[in-house]
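Each remark here refers to the structure printed beneath this line.
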Amino acid sequence: MGARILKQSNKPSEKVRPERFYHGFVLRLIAQLQGRYIVTSNRESWLGRYDIMLDPKKADAPAIIIEFKVVRAKRETLEDGVRSALQ
């Protein structure tokens, strides 16, 4: 697909497995943007960095950073997930 994967680890925790699914799903959807963006995936490091970055090839286009978070409805609110992503 051409996306760059930065760093990989061997065993993700249970918490990040749903993130892994959505990460792969979204990465495949945005693959068609490679003509306009440099797509960088940080999909398997889980080191507190972004999950997907779209770096525009043209200076006037916006850059996009995507971060996936799992929110457990019984223990967390959506706002908790947003705070975690922003950290």
Side-chain angles (χ1 to χ4, degrees):
M1 180 168 43
R4 293 180 290 161
I5 299 172
L6 296 182
K7 185 173 178 174
Q8 296 181 347
S9 68
N10 294 331
K11 295 184 181 183
S13 71
E14 281 293 320
K15 184 176 179 180
V16 296
R17 287 188 181 163
E19 290 179 16
R20 176 195 276 178
F21 169 79
Y22 288 106
H23 186 117
F25 179 75
V26 171
L27 192 58
R28 285 173 182 82
L29 289 175
I30 63 175
Q32 66 181 348
L33 297 176
Q34 288 189 343
R36 295 185 294 163
Y37 287 91
I38 298 168
V39 180
T40 305
S41 172
N42 193 23
R43 93 172 144 184
E44 293 184 352
S45 72
W46 292 289
L47 296 174
R49 297 182 181 97
Y50 62 85
D51 289 304
I52 299 172
M53 181 174 63
L54 302 174
D55 191 11
K57 291 183 177 181
K58 292 185 178 180
D60 61 338
I64 300 168
I65 296 175
I66 301 172
E67 175 69 25
F68 298 102
K69 286 294 171 200
V70 173
V71 176
R72 306 286 182 204
K74 294 181 181 179
R75 292 180 273 166
E76 301 170 292
T77 66
L78 185 57
E79 289 79 14
D80 293 334
V82 170
R83 273 192 225 84
S84 176
L86 289 172
Q87 286 177 350

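- Looking at Asp55 and Thr40, their side chains never come closer than 4.5 Å, going by heavy atoms from C-beta outward.
- Leu78 and Leu86 fall into different hydrophobic clusters, where Ile, Leu, Val, Met, Phe, Trp and Tyr side chains are chained together by heavy-atom contacts under 4.5 Å.
- Here Glu67 contributes atom CD and His23 contributes atom NE2; the two are 10.0 Å apart, rounded to the nearest 0.5 Å.
- Contact record, Gln34 with Lys57: O-NZ, 2.9 Å, taken as the closest heavy-atom pair.
- The CG atom of Asp51 sits 14.0 Å away from the OH atom of Tyr22 when rounded to the nearest 0.5 Å.
- Under the rule for a side-chain contact (heavy atoms from CB on, under 4.5 Å), the partners of Val26 that lie at least two apart in sequence or sit in another chain are Ile30, Ile52, Ile66, Phe68.
- Contact detail for Pro56 and Ala61: the closest heavy-atom pair is CG-O, 3.4 Å.
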